[in-house]
Amino acid sequence: MANPDLEATAFVGKITAGVTHELQNVLAIIKESSGLMDDLMAFSEEIPAKLKDRFHQANRSIDNQVLRGVQLLRNLNGLAHSTDDSMIDIDLFETIKQLIELTHRFAKTRQITLSVEKPGTQIQIQSSCIQFQMAMFHAFECCMTALLPNGNIVISLKKISETVLIILHCDGKFKSEAKLDDAANISNWVVMTKMLILLGGTAEMNPVKDNLVLSLSDK
Amino acid sequence: MSEWKILLVDDESEFVSTLADRLYLRGIHASTANDGEEAIRSVTEEKPDLVVLDIKMPGLSGIEVMKAIKKIDPQLPIILLTGHGSTKEGMEGMKYGAYDYLMKPIDINELILKIQEAIGK
């Protein structure tokens, strides 16, 4: 690995993966401690029922937040490990789904929803997973920047011969009449196309300018 | 169930001690070990009925500990604990003879069910 950018990415990935393991243990201890408090409360005959109920309610809140944290860490760990190999088989649906969950906050602050449709059969490409996710993230950004709040971005996957198409369909009101055309002027577009070149792919808009289509080879 | 002896192995001492307390409240006696060597010693000395073993530990890994335990007692059921939804590690552990695996954080009812299945087998 002679590329300093790749070395830096691998370094961040390795540290992040290690920390997610530690944090997972933190959550496991919180969950067990909350469970033990619940158990002790349940076995106690002296504590009034009303207080027990309130206590259990507080503990359920801890459990729910632990579950939320576990899911976030799971996705972050997946992202961190995607820097492990320079070339792997990428399940596009699973990877995009994970990236949508990881970038949920970016969409939420703009009041935009992101979703991916599961294809009938598994669609894979062989490539750098971290570069693919960078391209996808910047594609999300291009679409989200063009849309007004309450917009939806629905991603679908198609395979035609050896070409894989990732279609980001933007549904809702756009900030300008140029629709996605404006996205081509922003830095996200530059990063996305740079990543796509590294992956051997391209990006284009449909004539109506409400779809962004990424093309990649499945090899 | 109260006569069963379970050994809980994890380098996170607070995790295993709390889990041991929760099992005790349900009538299951559990002892703890915080590394692989301590676990192997406990298996020899205490002869537990089942071991719950974390895969990722400093020093000897969970898989290495499991292989050592299996040399001492090939029939001893071992339930592995894995992280981050990693079924890959759990499946690998089962190839080496683990009874089953659970993902952290665990659900105590699911753990007890697995313990009952494994010991009652």
Side-chain angles (χ1 to χ4, degrees), chain A residues 13-14 16-45 47 56 59-85 88-89 91 94-95 97-98 101-102, chain B residues 1-2 6 8-35 52-59 61-63 79-90 92 101-115:
Chain A
K14 199 166 187 173
T16 307
V19 173
T20 59
H21 282 291
E22 289 288 308
L23 284 172
Q24 190 194 38
N25 280 327
V26 170
L27 291 177
I29 292 167
I30 293 171
K31 185 172 187 288
E32 288 315 311
S33 300
S34 146
L36 180 60
M37 286 192 283
D38 252 349
D39 292 348
L40 293 171
M41 191 62 83
F43 283 105
S44 166
E45 289 170 3
I47 299 165
H56 287 309
N59 264 2
R60 290 297 69 73
S61 175
I62 293 173
D63 288 348
N64 289 337
Q65 293 309 312
V66 166
L67 282 176
R68 183 181 171 199
V70 166
Q71 191 55 45
L72 285 167
L73 280 180
R74 201 163 278 170
N75 290 330
L76 186 59
N77 183 263
L79 179 73
H81 279 298
S82 65
T83 64
D84 291 351
D85 303 292
I88 57 160
D89 289 331
D91 180 327
E94 289 299 333
T95 307
K97 186 169 153 262
Q98 179 185 277
E101 286 171 7
L102 274 169
Chain B
M1 208 153 81
S2 60
I6 311 295
L8 305 173
V9 189
D10 195 313
D11 59 304
E12 295 283 347
S13 58
E14 279 185 64
F15 174 72
V16 279
S17 63
T18 314
L19 191 56
D21 286 344
R22 296 193 74 195
L23 289 172
Y24 177 75
L25 288 169
R26 287 162 175 79
I28 299 172
H29 174 75
S31 58
T32 64
N34 295 133
D35 61 49
V52 177
L53 176 64
D54 187 31
I55 279 192
K56 277 208 169 24
M57 289 189 296
S61 74
I63 299 288
I79 295 172
L80 294 171
L81 300 180
T82 72
H84 297 303
S86 170
T87 52
K88 195 178 153 194
E89 283 177 333
E92 194 193 334
Y101 65 92
L102 287 171
M103 287 175 207
K104 272 174 137 183
I106 58 157
D107 176 335
I108 189 132
N109 295 322
E110 202 182 347
L111 174 64
I112 290 171
L113 203 67
K114 296 260 184 237
I115 292 172

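Throughout, protein chains are lettered first and strands after them, A, B, ... in sequence-line order, and every chain is numbered starting at 1.
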Next item on the list: Decide if atom CD of Glu14(B) counts as having more than 12 heavy atoms of other residues, nucleotides or ligands within a radius under 6.0 Å.
Entry: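 No, not enclosed.
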
Margin query: For the CZ atom on Arg60(A), are there more than 12 heavy atoms of other groups (residues, nucleotides or ligands in this structure) within a distance under 6.0 Å?
Written below: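 It does: Arg60(A) CZ has more than 12 such atoms within range.
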
Once you round to the nearest 0.5 Å, how far does [atom1] of [X] lie from [atom2] of [Y]?
X	Y	atom1	atom2	answer
Met37(A)	Thr18(B)	CE	OG1	10.0 Å
Asp39(A)	Asp21(B)	CG	CG	9.5 Å
Lys31(A)	Asp107(B)	NZ	CG	5.0 Å
Leu40(A)	Arg22(B)	CG	CZ	9.5 Å

Next item on the list: Identify the two heavy atoms, one from Lys104(B) and one from Arg74(A), that lie closest to each other, and give their separation to 0.1 Å.
Entry: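 So the minimum-distance heavy-atom pair works out to O-NH2, 4.2 Å.
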
Item checked: Residue pair Pro105(B) / Ala28(A): nearest heavy atoms and the distance that separates them ->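 Reported closest heavy-atom pair: CB-CA, 3.9 Å.
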
Margin query: Give me each pair satisfying ring-ring contact (aromatic ring centres under 6.0 Å, His included) with a member in residues 61-85 of chain A, each pair once, sequence neighbours excluded.
Written below: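 Found none.
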
Check: Any side-chain heavy atom of Leu25(B) sitting closer than 4.5 Å to one from Leu36(A)?
Finding: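 Leu25(B) vs Leu36(A): side chains touch.
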
Checklist line | Within-4.5 Å side-chain heavy-atom neighbours: Glu32(A) and Ile106(B) | finding: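 In contact.
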
